[in-house]
2 protein chains.
Amino acid sequence: MSEPERLSRRNAIRQENEQRILAAAEKVFAEAGFGGATMQLIADMAGLPKANLHYYFPTKEALYRAVVQTIFDIWLHAADSFDKAPGPVEGIGAYIDAKMEISRRHADGSKVWASEVMHGAPVIQDYLETTLRDWTAGRAALIQRWIDEGKMAPVDPRHLLYMLWATTQHYADFGHQIETLNGGKALSDKQWKAATESVKAVILRGIGAG
Amino acid sequence: MSEPERLSRRNAIRQENEQRILAAAEKVFAEAGFGGATMQLIADMAGLPKANLHYYFPTKEALYRAVVQTIFDIWLHAADSFDKAPGPVEGIGAYIDAKMEISRRHADGSKVWASEVMHGAPVIQDYLETTLRDWTAGRAALIQRWIDEGKMAPVDPRHLLYMLWATTQHYADFGHQIETLNGGKALSDKQWKAATESVKAVILRGIGAG
DNA sequence: TCGCTTCCTGACCGTATGGTCAGGTTTGAC
DNA sequence: GTCAAACCTGACCATACGGTCAGGAAGCGA
């Protein structure tokens with residue numbers, strides 16, 4: 001994607017600082033939402049003066065956009081395994097695995113994305129209408145092919161995709177609720193695995209491919 | 001719950017205004033989040049001067065809390081049909097119906113709820129730890145009984161509940177995304193029905209009760 | 001009609017926010 | 001070593017926000 005940057009001190013500084021800011025911003029936006037987040041808080045969390053944030057990202061919205069962009073890329077990437085699969089068990093199974101992993105490892109990013117979409121996608125509407133629309137059409141076609149080949153039950157591919165997104169993202173977006181219902185403790189490794197297996201079991205059996 | 005209010009002009013005014021404010025607040029909180037919402041905007045949408053909002057609801061947080069309370073009650077109420085059912089097909093089927101209807105009719109409230117939980121439930125943590133925890137334990141026990149009676153496959157009841165919440169709420173919380181992927185048009189009656197049937201088909205077959 | 005309560009609201013206030021900027025320091029190509 | 005470009009930041013600004021309040025209008029029991 002980006003050509004290998006010359007490894008100068010300057011580039012190192014730039015990369016380091018942008019990374020720190022993005023990480024802090026992701027956390028703050030996830031916790032407070034766009035409106036509730038403040039540049040000052042992000043700056044404090046990144047350990048930089050506020051004015052420095054504006055040096056790298058001209059506006060709050062530009063910073064926010066960069067955060068959303070990051071998680072969107074990760075999100076799309078999760079479908080790689082989906083495509084190469086010979087059938088629904090491998091494809092959808094691997095997709096659930098990947099998306100559950102994202103919910104665990106990038107919970108903040110997932111929340112930012114969810115928040116953005118929930119509020120009408122004010123800054124990423126164009127992505128929804130182009131990249132996501134194409135992506136969805138492609139995967140829906142693949143699922144339809146599996147149905148036509150008798151590899152799974154005839155389920156509306158789009159609603160199936162929504163179910164996959166919903167069930168996996170829920171563990172990130174509603175993680176706090178799940179944690180509360182888990183006695184106030186975050187899910188353990190074992191519990192994450194059990195969650196993933198539960199989702200896979202119900203979905204795969206549900207589409208007649210278990 | 002509340003004793004029948006005397007039908008005076010005053011009470012009518014109070015009820016009317018509180019209702020207008022709550023309706024406007026629900027919409028604004030859903031669209032902008034707590035931090036992004038402003039009392040001025042809510043006031044404008046309710047057609048009242050801002051100071052009047054503070055007459056009925058002392059602070060922004062009090063107003064917000066009232067909005068969340070409302071949707072939480074609706075949400076809990078949706079499980080009524082669940083309980084009286086003889087088995088998973090009727091119980092879970094009816095629950096999905098009810099929750100999908102809520103996603104459609106109370107999309108704004110659902111978003112406010114989702115937003116609240118996503119941000120760590122700052123104002124309704126107590127509900128999660130008491131009412132919701134009890135509610136969940138009760139339903140999980142019921143599902144476990146169905147499993148023990150051989151009426152459905154052995155699926156972790158809690159993860160099944162999460163799947164039910166996730167799949168149904170998704171149509172409210174991510175309604176904008178779904179709409180965009182639907183060619184920019186809101187789902188029609190027929191499409192809502194198809195969505196509900198898809199969810200029910202996959203879940204019920206997925207728990208071996210279809 | 002009187003008098004008390006509830007309802008209403010324009011004007012105001014302190015504060016916090018996103019953003020700016022002038023002036024400084026560091027880096028690195030030459 | 002020179003110097004321009006990149007980096008850094010304390011101090012500052014205009015604005016918008018949540019909330020207050022004094023004083024008036026409307027409702028209503030007696």
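In what follows, chains are A, B, ... by sequence order, proteins preceding strands, each numbered from 1.
If you check every strand for non-hydrogen atoms under 4.0 Å, Phe57(B) touches nothing. Among the protein residues, Ile13(B) comes within range of the sugar-phosphate backbone only, with heavy atoms under 4.0 Å from sugar or phosphate atoms but none that close to a base.
Rounded to a whole Å, the CG atom of Asn17(B) is 12 Å from the P atom of dG27(D). As rounded to whole Å, 9 Å separates atom C1' of dT20(C) from atom NZ of Lys50(A). Rounding to whole angstrom units, CZ of residue Arg20(B) and C1' of dC8(C) are separated by 14 Å. Protein atom CG of Leu48(B) is 13 Å distant from nucleotide atom P of dC7(C), rounded to whole Å. Going from atom NZ of Lys60(B) over to atom P of dA16(D) covers 16 Å, rounded to whole Å. Separating the CG atom of Asn52(A) from the C1' atom of dA6(D) is a distance of 12 Å, rounded to the nearest angstrom. As a whole-Å value, the separation of His54(A) NE2 from dC13(D) C1' is 13 Å. Rounded to whole angstrom, the span from the OH atom of Tyr55(A) across to the P atom of dT20(C) amounts to 15 Å.
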Practice prompt. Starting from the C-alpha separation in whole Å, work towards a yes-or-no answer on side-chain contact (heavy atoms from CB on, under 4.5 Å) for Tyr162(B) and Phe174(A).
Written response: CA-CA 9 Å; Tyr162(B) 299 158; Phe174(A) 286 74; over 6 Å; no

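In this structure, CG on Leu164(B) lies 11.0 Å from OG1 on Thr167(A), to the nearest 0.5 angstrom.
Distance from the side chain of Thr59(A) is smallest for dG19(C) among the nucleotides dT20(D), dG10(D), dG19(C).
Contacts between residues 24-46 of chain A and DNA chain C, counted as heavy-atom distances below 4.0 Å, involve Ala37(A), Thr38(A), Met39(A).
Look at Glu197(A) and Lys193(A) and you find no salt bridge, because none of the NZ, NE, NH1 or NH2 atoms lies under 4.0 Å from a carboxylate O. Salt-bridge check for Lys27(A) with Glu31(A): failed, with every basic side-chain N at 4.0 Å or more from each acidic carboxylate O. A salt bridge is defined here as a Lys NZ or Arg NE, NH1 or NH2 lying under 4.0 Å from an Asp or Glu carboxylate O, and Lys200(A) with Asp97(A) meets this definition.
OP1 or OP2 of dC7(D) lies within a sub-4.0 Å distance of a side-chain N or O belonging to Arg14(A). Within the 4.0 Å cut-off from OP1 or OP2 of dG27(D), not a single side-chain nitrogen or oxygen of Asn11(B) is found.
Test Phe34(B), Phe72(B), Phe29(B) against Val112(B) for side-chain contact (heavy atoms from CB on, under 4.5 Å) and you get one pass: Phe29(B).
Remark: side-chain polar atoms of Asp156(A) are paired, donor with acceptor, to backbone N or O of Arg158(A) under 3.5 angstrom.
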